[in-house]
There are 2 protein chains.
Amino acid sequence: MVERVRAAATELGYSPDVIGRSLRMKKTFQVAFAVADIGNPVYVEMMAAIHEVLDPHGYRVVVMTTGDTPRSTADLVRSLSSGFVDALVVSPLRTDDELVRAIQDSPVPVVVIGRSLAAYGIDSVSTDSAGGIGSAVAHLLETGRRRIGFLNGPLDTTPGEARQRGFDDATAAAFDGDRADAEVAEDFTVAAGTAAARTLLARVPADGTRLDAIVAANDLLAIGAIRAVRELGLTVPGDVAVTGMDDTEFGQFFEPSITSVSLGSAQRGRVAAQIVLDLMDGAEPGAAQSLVGPSLRVRESTAAVEGTGGAR
Amino acid sequence: MVERVRAAATELGYSPDVIGRSLRMKKTFQVAFAVADIGNPVYVEMMAAIHEVLDPHGYRVVVMTTGDTPRSTADLVRSLSSGFVDALVVSPLRTDDELVRAIQDSPVPVVVIGRSLAAYGIDSVSTDSAGGIGSAVAHLLETGRRRIGFLNGPLDTTPGEARQRGFDDATAAAFDGDRADAEVAEDFTVAAGTAAARTLLARVPADGTRLDAIVAANDLLAIGAIRAVRELGLTVPGDVAVTGMDDTEFGQFFEPSITSVSLGSAQRGRVAAQIVLDLMDGAEPGAAQSLVGPSLRVRESTAAVEGTGGAR
DNA sequence: CCAGAAATCGGAAACGTTTCCAGTTGATCG
DNA sequence: CGATCAACTGGAAACGTTTCCGATTTCTGG
């Protein structure tokens with residue numbers, strides 16, 4: 001009997017109404033993914049990974065944009081109380097008390113991708129971007145570079161802040177912060193990177209040593225840096241080595257291909273999605289704290305220079 | 001009184017339950033966007049544009065992946081009958097009768113981005129990618145190129161088929177198809193582009209004229225082509241001019257920056273979203289047929305060569 | 001001051017599903 | 001053959017909202 005009904009159901013093209021079902025079951029089978037800028041390749045990668053994990057479990061992914069203030073992100077988190085999703089994955093650019101409180105008060109599970117909020121009992125997936133910058137610096141020193149410039153994005157963002165700390169720590173450890181110089185670009189774009197890199201390259205330090213390496217806080221800034229280097233008639237990696245961060249397709253296909261620190265965006269997305277599934281399955285909130293380690297992908301833009309060791 | 005209630009509502013952080021509301025109003029305030037590969041920059045751009053248009057009207061965007069067969073896309077369209085969205089925007093790689101029928105039978109408005117389905121009474125937003133290829137060919141001829149190769153992706157896809165037709169038409173019109181040669185890459189990627197471009201460049205035509213221009217069916221293939229050209233010790237645009245299609249950020253920042261035919265992905269997304277809004281507002285289905293024209297963005301990769309006119 | 005109209009208000013139905021319970025049927029064992 | 005128990009079946013309640021309708025109150029004009 002039951003199979004005859006099933007047969008008839010498929011025959012007639014009947015599928016149960018999701019809304020009635022949701023109302024009764026108090027479950028929407030939807031998960032929201034919220035970021036400031038859905039065009040950013042890093043977030044696209046995360047979204048694709050989240051979708052990939054959640055889809056087989058019957059969950060749909062709803063895209064939301066947060067705006068770039070913690071305030072608007074908090075508003076969005078509060079709007080979850082209207083009950084259109086079963087959980088939220090959010091990657092905020094900046095975090096403040098209001099946002100933390102909104103997340104803590106959320107009626108549905110929330111997982112944060114970005115900085116660890118373990119201290120507040122919030123499930124989060126973080127990465128060690130500071131350490132990633134450190135590994136880029138180490139790689140440059142190992143391949144014979146002597147004087148390193150840092151091209152960062154805005155310092156009042158979570159990534160900008162962490163990466164700055166990473167650079168300062170790494171250069172302090174290596175040579176007391178000497179032979180290191182930093183410059184902040186307007187934002188994480190190629191154009192801003194070119195502008196800031198020009199400033200960085202124009203500076204002549206006291207001891208007269210020229211920059212022979214630039215660590216950029218993401219791949220777009222790295223491309224900007226390469227442009228600025230070439231404007232001066234210098235070559236990459238011959239005169240100046242350049243590293244990026246995020247390991248985007250962009251950087252892989254650029255010429256020269258760009259040495260980049262992968263922060264495992266797809267992996268972070270997958271992990272966050274898995275935590276969300278566990279949470280909806282009744283796991284203890286605030287218990288999941290995951291760290292996805294950075295890994296350096298060495299490519300052409302930091303090739304050691306024959307003979308001279310890369311310094312001049 | 002009503003305002004006191006409103007005040008109390010915000011005070012207590014109350015927001016009406018979306019599900020109950022949807023059940024009663026028979027409206028979910030959600031629109032689905034379905035494509036085969038959400039990682040593709042073109043689709044990302046569309047999605048961002050759709051989101052941008054729909055968000056202010058209170059609609060959420062749900063991401064779906066179709067798989068790349070018309071069959072799985074049709075299944076997805078049929079699944080709309082469960083009523084989780086108010087409308088669908090879909091951009092199928094391939095179209096067949098089953099898909100057309102599924103769309104016609106859909107209980108909610110569907111807008112197709114891709115090939116025009118006006119003949120079937122389906123609202124669609126299309127572009128003239130064939131004409132776009134034509135304008136690339138024309139530009140190359142105007143800047144003195146003499147022998148043109150075409151680097152296409154799979155011919156059994158809607159874009160691949162249209163672009164091939166565009167190239168054949170344009171070269172037939174210009175010189176009876178002489179001095180033109182085509183090669184099909186495995187798919188629309190850099191690696192496949194490099195491989196196919198090698199084959200293309202290796203061919204020595206009867207009259208001995210070497211290729212001095214390559215028209216690629218998208219920007220990734222164009223980058224692949226540039227790699228293959230450089231492998232032979234030739235330069236772009238000096239020896240060989242290269243054009244791409246889609247006008248991605250990728251191509252803009254590549255060196256040389258790539259001349260590309262913009263198909264207005266963002267614009268197509270916006271238009272589709274607007275049609276969806278009209279349809280949900282009671283507009284006549286099947287009436288909206290929009291064409292977003294291609295436009296050539298000339299950049300470094302097709303710069304005319306001084307003196308020689310680019311031919312050798 | 002009253003009749004009628006307008007505005008306001010409260011209650012009930014409806015949306016489509018799942019879940020629960022009571023009632024019925026069928027089977028098994030004493 | 002009868003009693004007990006299991007399995008199955010059908011009906012009703014519940015989920016949270018909006019909408020509709022009738023009833024009550026308020027307002028307006030004669």
Side-chain angles (χ1 to χ4, degrees), chain A residues 1-32 54-62 64 75-88 102 105-110 276-277 279-282 285, chain B residues 1-32 54-62 64 75-88 102 105-110 276-277 279-282 285:
Chain A
M1 184 58 204
V2 62
E3 63 225 34
R4 275 180 54 203
V5 155
R6 272 194 218 293
T10 44
E11 178 94 19
L12 297 166
Y14 168 83
S15 47
D17 183 288
V18 169
I19 304 296
R21 166 173 244 259
S22 292
L23 183 61
R24 177 63 233 232
M25 298 181 73
K26 294 184 162 301
K27 195 146 174 43
T28 62
F29 289 95
Q30 295 193 146
V31 171
L54 259 29
D55 193 60
H57 288 82
Y59 287 93
R60 291 182 294 275
V61 175
V62 178
M64 320 223 55
D75 282 345
L76 184 139
V77 172
R78 279 188 285 262
S79 79
L80 297 180
S81 64
S82 64
F84 63 98
V85 287
D86 298 335
L88 168 72
D105 293 348
S106 165
V108 299
V110 175
V276 155
L277 285 175
L279 249 23
M280 292 190 300
D281 228 48
Chain B
M1 183 59 205
V2 62
E3 63 225 32
R4 276 180 54 202
V5 155
R6 272 193 217 293
T10 44
E11 178 95 17
L12 297 167
Y14 169 84
S15 47
D17 182 288
V18 169
I19 304 297
R21 167 172 241 259
S22 292
L23 184 60
R24 177 63 234 233
M25 297 181 75
K26 293 185 162 301
K27 195 145 174 43
T28 62
F29 289 95
Q30 296 193 146
V31 171
L54 259 29
D55 192 60
H57 288 83
Y59 287 93
R60 292 181 294 275
V61 174
V62 178
M64 321 223 56
D75 282 345
L76 184 139
V77 171
R78 279 190 284 263
S79 79
L80 296 180
S81 65
S82 63
F84 64 98
V85 287
D86 298 335
L88 167 73
D105 293 348
S106 165
V108 299
V110 175
V276 155
L277 285 175
L279 249 23
M280 292 190 300
D281 228 48

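Letters A, B, ... are given to chains in the order of the sequence lines, protein chains preceding strands, and every chain is numbered from 1. Just so it is clear, the values below take in all heavy atoms, side chains as well, and ignore hydrogens, waters and symmetry mates. Here the structure is a predicted model, which means the values were calculated and not measured.
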Task: Residue-phosphate contact under 4.0 Å: A:Tyr14 side-chain N/O, C:dT17 OP1/OP2 - done: yes

Task: Side-chain N,O (B:Arg21) to OP1/OP2 (D:dG16) below 4.0 Å - done: no

Task: Distance in angstrom units between A:Ile19 CD1 and C:dT18 C1', rounded - done: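 Atom CD1 in A:Ile19 sits about 15 Å away from atom C1' in C:dT18.
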
- [ ] Using whole Å, report how far CG of B:Asp17 lies from P of C:dT17.
- [x]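 So the CG-P distance, B:Asp17 to C:dT17, works out to 17 Å.
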
Open item on the list: Is there a side-chain contact between B:Arg60 and B:Val18 in this structure, where contact means two heavy atoms from C-beta onward sitting under 4.5 Å apart?
Closed with: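 Yes, their side chains come closer than 4.5 Å.
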
Task: A:Phe29: partners by ring pair (Phe, Tyr, Trp, His ring centres under 6.0 Å), with sequence neighbours left out - done: A:Tyr59

Going by the rule salt bridge (charged side-chain N to carboxylate O under 4.0 Å, His left out), which residues pair with [X] if we only count those two or more places apart in sequence or in a different chain?
X	result
A:Asp105	none
A:Asp17	none
A:Lys27	A:Asp86

- [ ] Take the C1' atoms of the five end pairs on each side of the helix from C:dC1-D:dG30 to C:dG30-D:dC1, get both axes, and report the angle to 10 degrees.
- [x]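 About 40° separates the two local helix axes.
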
Atom pairs under 3.5 Å, N or O on each side, protein against nucleotides 12-15 of chain D: can you list them with distances?
unit_1 : atom_1 : unit_2  : atom_2 : d
D:dC15 : O3'    : A:Lys26 : NZ     : 3.2

Task: N/O donor-acceptor pair under 3.5 Å between B:Gln30 side chain and B:Val62 backbone - done: no

Open item on the list: With side-chain hydrogen bond (donor to acceptor under 3.5 Å, both in side chains) as the test, pick out the partner of B:Ser15 among A:Ser81, A:Ser79, A:Ser82.
Closed with: A:Ser81

- [ ] Of all the heavy-atom pairs spanning B:Val276 and B:Ala87, show the shortest one and how long it is.
- [x] CG1-CB, 3.8 Å

